[in-house]
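For reference, the structure discussed in these notes is given below.
Below, read A as the first sequence line, B as the second, and so on, with proteins coming before strands; counting in each chain starts at 1. None of the values given here were measured: they were computed from a predicted structure.
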Number of protein chains: 2
Amino acid sequence: MNAPLNGRTQQYHHGDLRRALLDHAAAAISESGVAKVSLREIARRAGVSHAAPTHHFGSREGLLTALAAQGFHALADLMHNAHEQTADFAEMGVAYVQFALSHPAHFEVMFQPHLHQGDDPALRAAQQRAGELLYGAPTLPGTGTRDAGIAAWSLVHGFATLWLSNALPAEQDTPPEQRARQAIRAFLDGRSEGSLAANDD
Amino acid sequence: MNAPLNGRTQQYHHGDLRRALLDHAAAAISESGVAKVSLREIARRAGVSHAAPTHHFGSREGLLTALAAQGFHALADLMHNAHEQTADFAEMGVAYVQFALSHPAHFEVMFQPHLHQGDDPALRAAQQRAGELLYGAPTLPGTGTRDAGIAAWSLVHGFATLWLSNALPAEQDTPPEQRARQAIRAFLDGRSEGSLAANDD
DNA sequence: TACGGCATCTTGCCAATGTCAAGATTCGGC
DNA sequence: GCCGAATCTTGACATTGGCAAGATGCCGTA
């Protein structure tokens, strides 16, 4: 077959089909939710045959597992950068919320273990990396750091989940980051001033 | 056909098939997750034909919508009772977590709007009832109550979600309610003493 | 350059699922 | 006692995930 040299339109070997499939999957999921997205629709979007995704990911679970792993790595990267740029605990939380809102498909898949094949080593590794960054970086001195860390993560995770679920009461003209900031401040208000920042390394 | 008078085993009219289907659906979902549960399996569990669920709920979305509405009502009831029994803010949060952990299937379906038919009036009503109880009852005086309410709900909701996602670091022999209590206390520590309780009516 | 192994992708197929239409069975009101 | 309506079943169809077998193109080796 005449393979176009630009490497785009129609060719048997796609070049980077795996990444393309993950991208299309994320787009489709953020539009319709995981439940309504089929492997075949993802294949259609990518312009390949219906069995191509199965070859790359083994199964639908496999694709969602890969998507979750990708999400945990992206989250870890983001938290890493955020921790380098600021030691402000509130801003780290805002960064977490921003990740969730800008990657809704990944976020949706990441925290639904039923969608994963739990023994996947890549997912396990990505989860662990993100977990260490989430627990290592933000701690609120003055209390049991473990519990405070869990509480902090719960707060921002819950806010993101509720926002994405459309569960929060409507409030016009207030962007989500600002509402998240306000909620986190409500969390921090009343604390002693010195404990606001994350511990530097 | 010989209809047994005890009203159980085999009869054309089940009696309360709708409720039975919801029960079986909740059980199946809590075992395998929403994604892997089919209408036909629910029908099989209930011992009826594969099209019986569709008759009662119109579609798979319809069944999940009904399940979500049932969940919001149960949550509203629980919060109502909790608010009558205690004014302790922390214990209200623990009650919220307990609901999520004891009704994982409902909780899983309640906060995934993609699974619902959004215009369902019963779901809308149940959501609003639960929402009013969640926002009316727990307020932390001393800050903008709206933001504090959002933060509080986010905290307990996030904890429940993370726990159900198996995302929290393992800690042997510590039951989830206690860990939730610890996390909430970490939230409250450092606040002025008087603002711990919910406002009485 | 020729060639052989191999990863990539396609085609064809099957069982299972959600949904619909038509029929069977039973309940409730008159 | 009877008729309409609600409940549930049977049968069918398009779609889906997964598998097997084949087609296609890439890459290293001689």
In residues 93-105 of chain A, what donor-acceptor pairs under 3.5 Å come from side-chain atoms, sequence neighbours left out?
residue  : atom : partner  : partner atom : Å
A/Tyr96  : OH   : A/Trp153 : NE1          : 2.8
A/Tyr96  : OH   : A/His157 : ND1          : 2.9
A/Ser102 : OG   : A/Gln98  : O            : 2.7
A/Ser102 : OG   : A/Phe99  : O            : 3.2
A/His103 : ND1  : A/Phe99  : O            : 3.2

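Sorted by first and then second residue, the side chain to side chain donor-acceptor pair (under 3.5 Å) pairs with a member in residues 17-28 of chain B read B/Asp16-B/Arg19; sequence neighbours excluded. Among residues at least two apart or in separate chains, ring pair (Phe, Tyr, Trp, His ring centres under 6.0 Å) pairs with a member in residues 39-75 of chain A are A/Phe72-A/Phe111. Judged as a salt bridge (Lys or Arg N to Asp or Glu O under 4.0 Å), not a single pair has a partner in residues 150-169 of chain A (not counting sequence neighbours).
Atom pair B/Glu61:CD and C/dC20:P shows a separation of 12 Å (rounding to whole Å applied). If you take CD of A/Gln117 and P of D/dG18, they are 10 Å apart, rounded to a whole angstrom. To the nearest angstrom, P of D/dG11 lies 9 Å from NE2 of B/His50. Spacing between atom CZ of B/Phe57 and atom P of D/dC8 amounts to 11 Å, rounded to whole angstrom units. At whole-Å resolution of the value, CZ in A/Arg60 and P in C/dT17 are 14 Å apart. The distance from atom CZ of B/Arg44 to atom C1' of D/dC8 is 17 Å, rounded to the nearest whole Å.
Looking at heavy atoms from C-beta onward, B/Ile29 lies in side-chain contact with B/Leu67 at the 4.5 angstrom threshold. Using a 4.5 Å heavy-atom cutoff, the side chains of A/Glu177 and A/Gln182 are not in contact. Side-chain contact check for A/Ile184 versus A/Phe159: every heavy-atom pair is 4.5 Å or farther apart.
Contact annotation: A/Arg18 side-chain N/O to C/dC9 OP1/OP2 distance is not under 4.0 Å.
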Using a cut-off of under 3.5 Å, enumerate the N/O to N/O pairs linking the protein to nucleotides 3-6 of chain D.
none

Evaluate side chain to side chain donor-acceptor pair (under 3.5 Å) for A/Glu61 paired with A/His116, printing each intermediate quantity in order.
CA-CA 6 Å; A/Glu61 261 192 2; A/His116 310 155; over 6 Å; no

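Residue contacts for A/His56: at a heavy-atom cut-off of 4.0 Å it reaches the sugar-phosphate backbone alone, with no base atom in range.
Within residues 19-40 of chain B, the residues having any heavy atom closer than 4.0 Å to DNA chain C are, in order of number, B/Ser38, B/Leu39, B/Arg40.
Annotation for B/Arg179 and B/Thr174: closest pair CG-CG2, 3.1 Å, computed over non-hydrogen atoms.
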